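A quick note: this is a predicted structure, and the numbers were derived from the prediction, not measured. What you see below is based on every heavy atom in this structure, not just the backbone, and it leaves out hydrogens, waters and symmetry mates. Below, read A as the first sequence line, B as the second, and so on, with proteins coming before strands; counting in each chain starts at 1.
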2 protein chains.
Amino acid sequence: MTADADHRTLHNRVLAELGPAIAAGDYGPGHVFTLESLARDFGVSRTVAREAVRVLESMRLVLSRPRTGITVRPAAEWSVYDPQLIRWRLAGPGRMAQLRTLTELRAAVEPPAAAAAARRATPAQRRALSELNEVMAETGRRGDLDRFLALDIEFHRRILELSGNEMFAGLSGVVAEVLAGRTQHRLMPVRPRPEALCLHAHVASAIEGGLPEVAEAAMRSIVREVVEALDGAGDGAPPGATAAG
Amino acid sequence: MTADADHRTLHNRVLAELGPAIAAGDYGPGHVFTLESLARDFGVSRTVAREAVRVLESMRLVLSRPRTGITVRPAAEWSVYDPQLIRWRLAGPGRMAQLRTLTELRAAVEPPAAAAAARRATPAQRRALSELNEVMAETGRRGDLDRFLALDIEFHRRILELSGNEMFAGLSGVVAEVLAGRTQHRLMPVRPRPEALCLHAHVASAIEGGLPEVAEAAMRSIVREVVEALDGAGDGAPPGATAAG
DNA sequence: TCCGCCTCATTGATAACACTATTGTTCCGC
DNA sequence: GCGGAACAATAGTGTTATCAATGAGGCGGA
């Protein structure tokens, strides 16, 4: 997704190891670190350990208190929208669960976002979206799955941005992650289903035509299929013919 | 909302001053700080300044690079879901704009969350929600606005939690902020509208009865009213009779 | 004009220290 | 025995000093 965390600095490397471990539940809520132990275990200075802890603290993963140490907080208190945390969880054992919650979130947000785009986008933006859709459809029909995925991500990302709501736009990384993750998990057919392509076309033309309700309904159809596909598939169950979304 | 940022520590106090300033746009994208200047301006050591910068960096508000300094990033790249950043923006001049985007987000998420709650909540949880709704309605009818606000927040928070989706649950702070903010801005009638109370009752009983579609539709009615009320009201325009939500 | 090297401002990292908050313990008085 | 006050141990918090690494911008040569 977005430029991965910069591993040039030492505290980021500590973070890249400690963060995923906590996110994965290796250290349960209530587990206590000390700066001393972190510095020792990671072979870094206290200062570097402190900077890493600051970041974890701002994500509400841990609580740092004098005399007590650095305590892991219960997962319910974490800042679950933090892009870093999302990435960590997607990289860990909770990947499938996280993919589910993110897909449900996507299903909630994208239809209203499409409606908003139909209301607010400029003519040029509408046209560009339709053109993008056509390239995407053509690529899908050709069966170039990698390139199709990239275009699909771009399509959804652009709608979120055209919604004119930065909170919606802020989820574009999440959507990219979900779409890419779904492909990795073979939850996608080799060739996108014609019905799905058709629905995408409806979304694009409804946005171009300034029809919020139509855009919202079409997008709702897309995400409904996606949610059902994910619900149907067990943890790694074989896909039937699923959506393209 | 959630326990306010801890102002006991020095770096948090720096953050509490610097963060809102950047969030408010006092320093435009591209503006460059140096650790030296921050340390001097805030009268703290370089170490403390660095810890504050680390946090700002993890929120993607700034980029810290050797030889260049600390650069403010364009707002489009910020982690707009970070609770701290949301609080800062709600405290600043962009308050009304932020309240709008958050309300739209709420409108997108709460109906599906209500549907999910109707599918997944336990019998005890369903009953408790209905009881909460009754207390809330009674308080509303009595006209005890402060207490009603608290109960209303609790009602919506609980639905988000019962949805069983931590991403939905993670927005409960946002919803609380929106509801409280709306009251502060006098966008609420002194006494909640009976129709709004009725809709809340429908949500509660649909969840209790395990009727996802009904719960979703009722919640959609609630948030539609809220969005329209906010759209209608200019920046600080006087309220008509508005929703309660 | 363009390429490559050099310079140096600025962050990155370490270490050693004093300060402070929190908490577990002890001890006193009731 | 029990409650509370005083104390001490143990972290994190904050400061300072010092050096290493980096990379943007300038300088000079081909």
Side-chain angles (χ1 to χ4, degrees), chain A residues 3-19 21-22 27-74 77-78 84, chain B residues 3-19 21-22 27-74 77-78 84:
Chain A
D4 216 350
D6 194 355
H7 280 212
R8 274 172 303 189
T9 60
L10 202 42
H11 72 264
N12 270 333
R13 267 174 292 189
V14 172
L15 215 48
E17 207 170 323
L18 187 55
I22 295 176
Y27 306 96
H31 181 95
V32 175
F33 300 99
T34 67
L35 281 179
E36 201 72 13
S37 72
L38 289 176
R40 183 165 28 77
D41 294 351
F42 287 96
V44 298
S45 68
R46 271 173 79 91
T47 314
V48 167
R50 278 174 61 173
E51 288 177 6
V53 167
R54 278 295 151 269
V55 175
L56 293 175
E57 201 178 19
S58 90
M59 301 164 85
R60 300 173 161 275
L61 258 66
V62 301
L63 199 60
S64 175
R65 278 159 51 217
R67 167 70 209 214
T68 307
I70 292 119
T71 315
V72 176
R73 305 176 71 152
E77 297 175 10
W78 298 351
Q84 271 198 108
Chain B
D4 215 349
D6 194 355
H7 280 213
R8 274 172 302 191
T9 60
L10 199 42
H11 66 263
N12 270 332
R13 268 173 291 188
V14 173
L15 214 49
E17 208 169 324
L18 188 55
I22 296 175
Y27 306 96
H31 181 96
V32 176
F33 299 99
T34 67
L35 280 178
E36 213 67 50
S37 71
L38 289 176
R40 183 166 25 79
D41 294 352
F42 287 96
V44 298
S45 69
R46 238 172 73 107
T47 314
V48 167
R50 277 183 61 168
E51 287 178 5
V53 167
R54 281 291 153 272
V55 175
L56 293 176
E57 202 177 17
S58 91
M59 301 162 90
R60 300 175 163 275
L61 257 65
V62 302
L63 199 60
S64 174
R65 280 154 57 215
R67 165 72 208 204
T68 307
I70 293 118
T71 315
V72 176
R73 305 175 72 152
E77 296 174 11
W78 297 352
Q84 273 199 107

_Nucleotide range of DNA chain C lying under 4.0 Å from chain B heavy atoms_ = C/dC8 to C/dT22
*Between protein and nucleotides 9-16 of chain D, map the contacts as a letter string: B base, S sugar-phosphate only, - none, heavy atoms under 4.0 Å, written 5' to 3'.*
BBBBBBBB
_Contacts of B/Glu36 that satisfy side chain to side chain donor-acceptor pair (under 3.5 Å) - sequence neighbours left out_ =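 Here no residue qualifies.
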*Only counting residues at least two apart or in another chain, list the ones meeting side chain to side chain donor-acceptor pair (under 3.5 Å) with A/Arg54.*
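Side chain to side chain donor-acceptor pair (under 3.5 Å) list for A/Arg54, sorted by chain: A/Glu57, B/His11, B/Glu51.
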By side-chain contact (heavy atoms from CB on, under 4.5 Å), which residues pair with [X], not counting sequence neighbours?
X: B/Leu10; result: B/Arg13, B/Val44, B/Val48
X: B/Arg67; result: none
X: B/Arg40; result: B/Ser37
X: B/Glu77; result: B/Arg73, B/Pro74

*asked:* Once ring pair (Phe, Tyr, Trp, His ring centres under 6.0 Å) is applied, do any residues pair with A/Tyr27, and if so which ones, sequence neighbours excluded?
replied: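 A/Tyr27 satisfies ring pair (Phe, Tyr, Trp, His ring centres under 6.0 Å) with A/His31, A/Phe33 once adjacent residues are dropped.
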